[in-house]
Protein chains: 2
Amino acid sequence: LSELPRPLEELAAALARLPGVGRRSAQRIAFHLARASKSEADHLARQITGLREALRICEICGHLSEKERCAICSDARRDSSTICVVEQAENLFAIERTGAFRGTYHVLGGAISPLRSIGPDDLRVDELLARVETGDVREVVLATNPTVEGEATALFLARLLRARGIAVTRPATGLPVGGDLEYVDGVTLGRAFEARRDVLDEDAGE
Amino acid sequence: LSELPRPLEELAAALARLPGVGRRSAQRIAFHLARASKSEADHLARQITGLREALRICEICGHLSEKERCAICSDARRDSSTICVVEQAENLFAIERTGAFRGTYHVLGGAISPLRSIGPDDLRVDELLARVETGDVREVVLATNPTVEGEATALFLARLLRARGIAVTRPATGLPVGGDLEYVDGVTLGRAFEARRDVLDEDAGE
C-alpha cells in the first residue's frame with residue numbers, strides 16, 4: 001500500500017487535532033491545500049499566524065477583542081449589574097445569538113477539571129471576584145456547560161459568590177424546545193421531570 | 001448582538017472554504033487557534049506554507065510526491081502495463097487502501113466539466129496518451145468518479161484509448177457491499193438491476 005507523502009501526512013495529522021476535524025476530513029483538507037494556489041495557502045497561513053497578534057483578551061471580561069475592552073464591555077447600554085459567566089468565548093457568542101441576555105459576560109477560560117489538572121487558579125476566577133467586589137453587581141448567571149465539569153465549576157463559583165451576598169442563578173436544564181421526547185437523553189429527561197413546573201404557574205409567569 | 005472580532009471572522013470565513021468544513025466548525029477552529037499556543041499556530045501555518053515547496057507532481061503519473069517520481073511509479077513490482085486513471089490523488093489513495101489494484105496510476109487533475117470551464121486541455125490527458133503510446137500499456141482502468149462529470153470524462157478517454165487499440169475498463173457500479181437495499185439511492189439500485197449477473201456465472205467466476 002502506498003502511504004501519503006510525508007508533508008501531507010504531517011499536515012493531515014496537525015489538522016486532525018483541530019476541534020471537529022476527523023482524520024478523513026483532515027486528509028481532504030491537506031490534499032486541497034496541496035493543490036491550492038500559493039496565494040490561497042499563504043493567505044490562510046498568515047491569518048493563522050496573525051490571529052494572536054490581532055486579538056487580545058478584554059481587560060474586564062476576558063473575551064476576545066481587538067481592543068483593550070471588548071465591544072460588549074464598552075457598550076453603555078449593557079447592564080453591568082448582571083454578569084453571565086461562561087467557559088469560553090464561543091459560549092458567549094452562542095448566548096449573544098439568542099438575544100435573551102442584555103448584561104455583561106465573564107469568560108473563565110475553561111472549567112475546573114481534576115482529570116486535566118485544571119484548578120480555579122488556571123481560570124479567571126480572581127478577576128470575577130474582583131469585579132463582583134466593586135459593588136454594583138447584583139446577579140451572576142453561571143452559564144458554564146451542562147457537563148460534569150461545568151456543573152462542578154458552577155457549584156464552586158456559586159459558593160464563593162453567595163458568601164459575598166450576590167444572587168447566583170443558572171440557566172434551566174430541561175427538554176429542548178421543538179424536540180421529541182423520544183430523542184431526549186435519559187439524564188436530561190430525568191432532570192426535566194424533577195424540575196417540572198405547575199402549568200398554571202408557568203402561564204401566570206408569562 | 002455581538003459580532004465575532006474581525007480577525008476571527010475572517011479566519012473562520014477562510015476555513016469554511018476548505019472541503020468538509022462547515023461554518024460552525026470553521027468558527028470552532030478559529031476560536032481554538034485564537035487560544036492555541038504561539039508555537040502550535042505557527043507550526044500549522046508553516047506546514048501549510050511549506051506543503052507546496054515539499055511536494056511536486058510525479059513526472060510520470062501526476063501523483064503528489066516528494067521526489068521526481070512517486071513511490072508507485074518507482075516501484076518495479078507494480079504492473080506498468082495497466083494504468084488506472086483517477087481524477088485526483090486522493091482517489092488514488094482510496095484505491096490503494098483496498099489493495100485490489102497492483103498496476104500504476106494516472107492522475108488527471110480533475111474531470112471534464114463544461115459548467116466549470118474545465119476541458120481536456122486543463123487535464124493531464126496528453127500525458128496519458130503519451131504514456132499509452134510508448135507501447136507496453138495493455139489496459140487502462142477509467143476510475144473517474146461515478147458522477148455525471150466523471151462518466152463524461154471516462155467516455156471521452158475511452159474513445160481516444162480504444163482508437164489506439166488499448167483495452168479500456170471501468171470499475172463496476174452496483175450495490176455497496178454490506179449495505180441495505182432500503183438505503184441505496186434509486187439510480188444505483190436501478191443500475192445494479194440493469195447490470196444484474198447470473199448467479200451461476202458469478203459462482204463460476206470465483
Side-chain angles (χ1 to χ4, degrees), chain A residues 1-8 10-11 13-15 17-22 24-38 40-55 63-67 70-72 75 88-90 92-93 96-99 105 109, chain B residues 1-8 10-11 13-15 17-22 24-38 40-55 63-67 70-72 75 88-90 92-93 96-99 105 109:
Chain A
L1 290 185
S2 160
E3 301 289 321
L4 289 191
R6 198 180 41 83
L8 261 186
E10 286 175 0
L11 175 58
L15 292 168
R17 283 192 290 270
L18 297 174
V21 180
R24 268 297 166 83
S25 192
Q27 283 190 1
R28 278 184 71 198
I29 297 171
F31 276 114
H32 172 87
L33 291 170
R35 273 195 298 273
S37 68
K38 183 166 161 51
E40 183 184 340
D42 286 355
H43 183 63
L44 181 61
R46 263 200 313 278
Q47 284 181 308
I48 292 172
T49 325
L51 197 57
R52 290 175 62 83
E53 286 144 39
L55 290 179
H63 182 27
L64 294 169
S65 169
E66 289 180 84
K67 305 195 189 123
C70 74
I72 297 171
D75 183 347
Q88 299 289 9
E90 47 265 56
L92 181 160
F93 284 105
E96 281 294 289
R97 275 193 294 270
T98 69
Y105 291 92
Chain B
L1 291 182
S2 159
E3 301 289 319
L4 290 191
R6 198 181 41 84
L8 260 186
E10 287 176 359
L11 175 57
L15 291 169
R17 283 191 290 270
L18 296 174
V21 180
R24 269 296 167 85
S25 192
Q27 282 189 2
R28 279 184 70 198
I29 297 172
F31 276 114
H32 172 88
L33 290 171
R35 274 195 300 272
S37 68
K38 183 166 160 51
E40 183 184 339
D42 286 355
H43 183 63
L44 181 61
R46 263 199 313 278
Q47 284 181 307
I48 292 171
T49 325
L51 197 58
R52 291 175 61 83
E53 286 145 38
L55 290 179
H63 182 27
L64 293 169
S65 168
E66 290 180 84
K67 304 194 189 125
C70 74
I72 297 171
D75 184 347
Q88 299 289 10
E90 47 265 56
L92 181 162
F93 285 105
E96 281 294 289
R97 275 194 293 270
T98 68
Y105 291 92

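Proteins get letters first, then strands, A, B, ... in listed order; numbering begins at 1 in each. None of the values given here were measured: they were computed from a predicted structure.
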Exercise. Between L92(B) and I72(B), is any pair of side-chain heavy atoms under 4.5 Å apart?
Worked result: yes
For this session: Examine whether an atom of R52(A) lies under 4.5 Å from a heavy atom of chain B, and if so say whether it belongs to the side chain, the backbone or both; otherwise answer neither.
Result: side chain
For this session: Could you please spell out the steps behind the salt bridge (Lys or Arg N to Asp or Glu O under 4.0 Å) verdict for R6(B) and E66(A)?
Result: CA-CA 8 Å; R6(B) 198 181 41 84; E66(A) 289 180 84; 3.3 Å; yes
Exercise. Relative to chain B, which of A30(A), A36(A), G22(A) shows the most heavy atom pairs under 4.5 Å?
Worked result: A36(A)
Problem set entry | Residue among D42(A), V21(A), L11(A) with most heavy-atom pairs under 4.5 Å to chain B | L11(A)
Exercise. Quick one: what part of R46(B) sits under 4.5 Å from any heavy atom of chain A, side chain, backbone, both or neither?
Worked result: neither
Problem set entry | Pairs of heavy atoms under 4.5 Å with chain B: top-ranked of K67(A), E53(A), H43(A), H32(A) | H32(A)
Exercise. Most heavy-atom pairs under 4.5 angstrom with chain B, which of L15(A), D75(A), L44(A)?
Worked result: L44(A)
Seminar exercise, completed: Counting heavy-atom pairs under 4.5 Å with chain A, the top scorer among T49(B), I48(B), L64(B), L8(B) is I48(B)
Seminar exercise, completed: Residues L55(A) and P5(B): closest non-hydrogen pair is CD2-CB, 3.6 Å
Seminar exercise, completed: Residues at least two apart in sequence or cross-chain that pass salt bridge (Lys or Arg N to Asp or Glu O under 4.0 Å) with E40(B), listed by chain then number, are none
Problem set entry | Residue selection (most heavy-atom pairs with chain A, distance under 4.5 Å) from E90(B), R28(B), R24(B), Q47(B) | E90(B)
Problem set entry | Candidate pair Q27(B) and F93(A), rule side chain to side chain contact (heavy atoms under 4.5 Å, CB included), full reasoning | CA-CA 10 Å; Q27(B) 282 189 2; F93(A) 284 105; 5.8 Å; no
Exercise. Partners of Q88(A) by side-chain hydrogen bond (donor to acceptor under 3.5 Å, both in side chains), sequence neighbours excluded?
Worked result: R35(B)
Exercise. Relative to chain A, which segment of I29(B) carries a heavy atom at a distance below 4.5 Å: side chain, backbone, both, or neither?
Worked result: both
Exercise. Can you tell which of A41(B), A54(B), P19(B), G20(B) has the highest number of heavy-atom pairs within less than 4.5 Å of chain A?
Worked result: P19(B)
